[in-house]
Amino acid sequence: MIPGKYRSVSGRAASNVEFKLNKETPSFPGRLLQHDLERNYSSRQGDHINLVSSSMPSFPILQRSSEEKILYSDRLTLERQKLTVCPIIDGEEHLRLLNFQHNFITRIQNISNLQRLIFLDLYDNQIEEISGLSTLRSLRVLLLGKNRIKKISNLENLKSLDVLDLHGNQITKIENVNHLCDLRVLNLARNLLSHVDNLNGLDSLTELNLRHNQITFVRDVDNLPCLQRLFLSFNNISTFESVCCLADATSLSDITFDGNPIAQESWYKHTILQNMMQLRQLDTKRITEEERRMASVVAKKEEEKKRESHKQSLLKEKKRLTINNVARKWDLQQHRITNIATNQDRKDSDSQDHCQNDGSTISAFPEETGSLDSGLTSALQGLSVTDTHLVEVDGDTLSLYGSGALECLDRNWSVQTAGMVTTVSFTFIEFDEIVQVLPKLKIKFPNSLHLKFKETNLVMLQQFNALAQLRRVDQLTVDPQGNPVVNFTLWKYYVLFRLSHFNMQKINGTEVTQNDMIMAERLFGILAHVASSELPQYHLISILGDARKKQFRYLLETKGKKPGIVNEENNDSKRLVGESTNRATLNYTTRDFYNEKLEEIKEKKKFCKMYIEDLVKEATEINMKNEALQKLWPQMFIELVRDAVMEIRNKNSYMKLCLQQITDQK
């Protein structure tokens, strides 16, 4: 730790520093031995130094006796002398250690002549700027802790620095140190740093102290090939991602994060150990093999969770993009339908306006007429390479987006999955297409009780009739978006009336009351009665399903019986059956089915017309032949009589001729 090791120049601290320097630079000429340091700083050298005034009133002059110069020729201590400026030091060019601790110095000056200086201690002063050091090219240790420095600067010529202590200042940014390729120890604790970067070039750095700052992220540390100890205690680091570069710092063996938000997380230790396998100590505690093993196990579980989370995120994003794609396709389709309707109205109102000069007519389809703008056309073409439908099962809800999703009802759903589904949601699908798969829905998902419709083009009350074929519906949700039918004031009452056999509980999230049922019956009861009474019996039976035919026949059989024959229970049953039958006549035919019926009717009409024409043609020919026969018959009859008379005029000859003919036939 830099403050404890280098802050005090007296005693073992200075000895340790010099010992390290001597050990790592044994060939350094005239090196300072350890016992010399101890002897120098154990005595109060400052008590035997005289400071006298000079011709320059602001700078005192340092004077030492000859004995002191001989005894302490290479070192000088001026700590706690209440100095406000650096004194003039003449005749001391051989100095190698200089100590100005615990003074009031505001500026570094008057030491440019000490070009052999290797150790300079200015701890606990009032220095605001690093300056006056450009000539000290031999300087190895510079201690400037506990000053007022705001910026690292003017170190360009100190390329031999080994230790740089700047703790306890007001520095906000690491800068101007990239050239210090020999620097081993850098202390920036208790400053105002918010991030760590710009460390490239510090190839010899082994220890970096950044305690008690405001650091939120760390960069470039992985570019320090010799870094072994990094102290980041008491900062604002909250995620491992903000210090992830440490995982690539292969030489790092000791690190501290205590006092950071990240150290409070449950995953902290396991994540650090898993990503920084080279560590030997974490938060000043030695790492055991058991801790590494546990960290590996926990990290694997965390990695699995991350992968699953990432997978879910991808699925959500894919779902979002697919839904947007389906919505875009839906909007394009609606835009096209609107244009078709508009063009058709114009065609009906003024057919001549739709004629070209050559007499041909303009097609009603916008993609053929060019009425669809190029942007929408290109977007529609882009959809062909992406998903245009989505099927999702989330808990008990089956969500279908896009008409292509209806094909999922043909899948082989597992019994468990199909049984869990109680809610089916349709979005961006034409209601007429939904009607065609309702029988499959009833079979595949027998427990479905809640239907949701959004952007399905529910435009008229008759469409709700199609839902009667389902097995059961307890709740119905019709979103106003894309379903104009909800703008009708009485649409809920019609639903309650038409689907009364389901005993629905909620419509659009609102509870259904008994008063609602009564009101629905009052409003639409007569409608069902009129519909059923006006239909012929054969037509009525064809409308009813096979399940209703027996009920209807039962009504016909009991219609003429006397009142006393059937009991009250049968009367109730008959009333209920009658209501159900009346409602069954209110059915819904989809446009496609209606168009198919029209085509079928046209084909039948065409066949009947051709058949009748053939019959008429054949009858005409027969009549013409008959008339011709009537005209020819008198003459034919005369000739027949004449021939017969002539043949039998000679009786014997005629008999011989007949006998001869009989003989020839045998």
Side-chain angles (χ1 to χ4, degrees), residues 333 336-337 339-369 371 403 430-439 457 459-460 462-463 465-466 469 527 530-550 552-553 556 581-582 584-641 643:
Q333 289 176 344
R336 184 178 64 178
I337 292 172
N339 282 355
I340 292 174
T342 302
N343 292 344
Q344 188 63 40
D345 290 342
R346 291 176 181 175
K347 182 177 179 180
D348 294 340
S349 63
D350 190 1
S351 59
Q352 292 181 354
D353 291 342
H354 290 267
C355 294
Q356 301 288 350
N357 293 333
D358 59 359
S360 61
T361 59
I362 298 178
S363 171
F365 292 96
E367 61 266 29
E368 296 175 358
T369 62
S371 61
S403 58
E430 287 283 351
F431 185 80
D432 285 359
E433 296 182 30
I434 298 173
V435 171
Q436 299 175 16
V437 300
L438 288 179
N457 266 347
V459 296
M460 53 186 176
Q462 294 94 315
Q463 289 174 299
N465 298 341
Q469 60 184 297
L527 176 65
V530 171
S532 61
S533 60
E534 292 297 323
L535 287 176
Q537 178 179 338
Y538 75 91
H539 195 182
L540 186 61
I541 293 178
S542 66
I543 290 176
L544 300 177
D546 293 336
R548 304 277 179 93
K549 289 182 180 179
K550 292 183 179 180
F552 186 76
R553 287 168 182 164
L556 295 179
T581 303
N582 289 342
T585 60
L586 302 174
N587 57 6
Y588 173 66
T589 303
T590 64
R591 279 173 288 189
D592 292 341
F593 184 75
Y594 178 72
N595 292 335
E596 290 177 2
K597 285 294 183 182
L598 286 180
E599 291 296 328
E600 184 179 347
I601 292 173
K602 289 180 181 179
E603 291 294 331
K604 288 182 178 180
K605 286 184 177 180
K606 183 178 179 180
F607 173 78
C608 292
K609 183 178 179 180
M610 293 177 61
Y611 182 73
I612 294 299
E613 288 178 352
D614 291 341
L615 289 178
V616 171
K617 183 178 180 180
E618 184 178 353
T620 302
E621 292 177 354
I622 293 173
N623 184 60
M624 291 176 63
K625 291 179 180 180
N626 185 44
E627 290 179 353
L629 179 63
Q630 293 297 326
K631 291 180 181 180
L632 295 175
W633 177 247
Q635 183 62 29
M636 291 174 61
F637 183 75
I638 293 172
E639 292 178 357
L640 289 173
V641 171
D643 292 342

Checklist entry - So with a 6.0 Å cut-off around CD of Glu618, is the heavy-atom count from everything else above 12? => result no
Next on the checklist: How long is the straight-line distance from CD1 of Ile622 back to CG of Leu629, given to the nearest 0.5 Å?
Outcome noted: 13.0 Å
Checklist entry - Shortest non-hydrogen contact from Ala466 to Val435? => result CB-CG2, 3.7 Å
Checklist entry - For the side chain of Glu627 and the backbone of Met624, is there at least one donor-acceptor N/O pair under 3.5 Å apart? => result no
Checklist entry - Do Gln436 and Asp432 meet the criterion of a side-chain donor-acceptor pair at a distance under 3.5 Å? => result no
Checklist entry - About how many Å separate CG of Leu640 and CD of Gln635, when rounded to the nearest 0.5 Å? => result 10.0 Å
Checklist outcome for this item: Heavy atoms of Gln463 and Asn457 approach each other most closely as NE2-O, 3.5 Å
Next on the checklist: Rounded to the nearest 0.5 Å, what separates atom CE in Met460 from atom CG in Asn465?
Outcome noted: 9.5 Å
Item to check | Residue that, paired with Lys609, satisfies side chain to side chain contact (heavy atoms under 4.5 Å, CB included) out of Lys605, Glu613, Lys606 | outcome: Glu613
Next on the checklist: Could you work out, with side chain to side chain contact (heavy atoms under 4.5 Å, CB included) as the rule, every residue matching Phe637, not counting sequence neighbours?
Outcome noted: Trp633, Val641
Next on the checklist: Going by the rule salt bridge (Lys or Arg N to Asp or Glu O under 4.0 Å), which residues pair with Lys604 if we only count those two or more places apart in sequence or in a different chain?
Outcome noted: Glu600
